[in-house]
There are 2 protein chains.
Amino acid sequence: MRRDVFQAIADPTRRAIIGLLALQAMTPNAIAENFDSTRQAISKHIKILNECQLIKQKQNGREIYYHFNPKQMKEVDLWMEQFRKLWETRFEQLDNLLENLEPKKS
Amino acid sequence: MRRDVFQAIADPTRRAIIGLLALQAMTPNAIAENFDSTRQAISKHIKILNECQLIKQKQNGREIYYHFNPKQMKEVDLWMEQFRKLWETRFEQLDNLLENLEPKKS
DNA sequence: TATAAGCGAAACCAATCGGTTGCGCAAATG
DNA sequence: CATTTGCGCAACCGATTGGTTTCGCTTATA
């Protein structure tokens, strides 16, 4: 199934999983040990991350190692690019100024 | 209500609204004209964006002008920072190499 | 070969989501 | 002053979400 990356990273548990897998490849059991919910719940998160290719798998016998795939994160970065210039400090003061201006009456 | 920025930008309609408001401040009616759904549906999106302060409002009579607030987007950028070094091209080849390596047998 | 371990899939459930219609209120307009 | 306009809110609805338990398959181990 095709998945939206933005929707995939919306869940805090999934973001934490991505954080783990960015450091090292891990099996579902190993990942699940870091959370309170069941292995199956984590497995569903893994499935979603896998579907939008934020992570990739490598089977090794009965174990499956999942690892982070940075490429798909580019989509998020690309979208944010249009705003990046806006949050730099030199623009913040202008922003605050505009915020306090009365909108022009028609 | 306190809202998660990641969850707020998960919805494509809300991302589109942010895109509009980054260009210029707009009233709910003006925003809604750009979409197929009702003004009330858009208003709910606006409410969510407002709750996590991705947008801010400025009342002018019976009209409310909403505008983009770049500051809150920093949280997303900050989280992505840890991965940014991973998707640069010089690392992609190493990534592909690691992907094709057999996991070490225990 | 019997048993245990690692994993995904399915069925189920309460909570949340994104949409709708209908309403009420304050501000603008005739 | 009556009417229109701009807006938020509440109630409702089907779909999706994130969790659980149960199950079955494959691979490792005793």
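We name chains A, B, ... by the order of the sequence lines, and we start the count at 1 in each one.
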> Mapping B:Lys44 and B:Asn29 to their closest nucleotides on DNA chain D, which lands nearer the 5' end?
Replying inline: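 The residue whose closest nucleotide sits nearer the 5' end is B:Asn29.
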> Nearest nucleotide by nearest heavy atom, which residue falls closer to the 5' end of DNA chain D, A:Ile48 or B:Ala30?
Replying inline: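 Final value for this comparison: B:Ala30.
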Are any non-hydrogen side-chain atoms of [X] and [Y] less than 4.5 angstrom apart?
X	Y	answer
A:Leu54	A:Arg14	no
A:Met26	A:Asn34	yes
A:Phe35	A:Ile17	yes
B:Leu49	B:Tyr66	no

Which nucleotide in [options] has an atom nearest any side-chain atom of [X]:
X	options	result
B:Lys47	D:dC9, C:dG8, D:dC7	D:dC9
A:Ser37	D:dG8, D:dT20, D:dG6	D:dT20
B:Arg3	C:dA9, C:dC17, D:dC7	C:dC17
A:Thr38	D:dG8, D:dT20, C:dG8	D:dT20
B:Pro28	D:dG8, D:dT20, C:dC7	D:dG8

Return yes if the base of [N] and the side-chain atoms of [X] contain a donor-acceptor N/O pair under 3.5 Å, otherwise no.
X	N	result
B:Gln40	C:dG22	yes
A:Arg62	D:dT26	no
A:Arg39	C:dG8	yes

> Between residues 5-16 of chain A and DNA chain D, which residues have a heavy-atom gap below 4.0 Å?
Replying inline: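 Of all residues in residues 5-16 of chain A, the ones placing a heavy atom under 4.0 Å from DNA chain D are A:Gln7, A:Asp11, A:Arg14.
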>> Looking at A:Asn69 and A:Gln53, would you say the former's side chain and the latter's main chain have a donor-acceptor pair under 3.5 Å?
In response: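 Checking the backbone N and O of A:Gln53 against the side chain of A:Asn69, a donor-acceptor pair under 3.5 Å is found.
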Between atom [atom1] in [X] and atom [atom2] in [N], what is the gap in whole Å?
X	N	atom1	atom2	answer
A:Glu51	D:dG18	CD	C1'	14 Å
A:Asn60	D:dT27	CG	C1'	11 Å
A:Ile42	C:dA9	CD1	P	16 Å
B:Gln59	C:dA28	CD	C1'	13 Å
B:Lys58	D:dG6	NZ	C1'	18 Å
B:Asp36	C:dT20	CG	C1'	14 Å
B:Ile46	C:dG18	CD1	P	14 Å
B:Tyr65	D:dG6	OH	P	10 Å

Does a side-chain N or O from [X] land closer than 4.0 Å to OP1 or OP2 of [N], or not?
X	N	result
B:Thr27	D:dG6	no
A:His45	D:dT17	no
B:Tyr66	D:dG8	yes

> Are any of the side-chain nitrogens in B:Asp11 or B:Lys44 under 4.0 Å away from the carboxylate oxygens of its partner?
Replying inline: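 Not counted as a salt bridge, because no side-chain N and carboxylate O are separated by less than 4.0 Å.
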>> Please verify the inter-ring angle class for A:Phe6 with A:Trp79; under 30° counts as parallel, over 60° as perpendicular, anything in between as tilted.
In response: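 Perpendicular.
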> If you group Ile, Leu, Val, Met, Phe, Trp and Tyr by side-chain heavy-atom gaps below 4.5 Å, do A:Ile48 and A:Ile31 land in one group?
Replying inline: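 In one cluster with A:Ile48: A:Ile31, no.
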> Under 4.0 angstrom, heavy atoms only, what part of the nucleic acid is B:Phe35 near: base, sugar-phosphate, or nothing?
Replying inline: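 Since no nucleic acid heavy atom lies under 4.0 Å of B:Phe35, the category is nothing.
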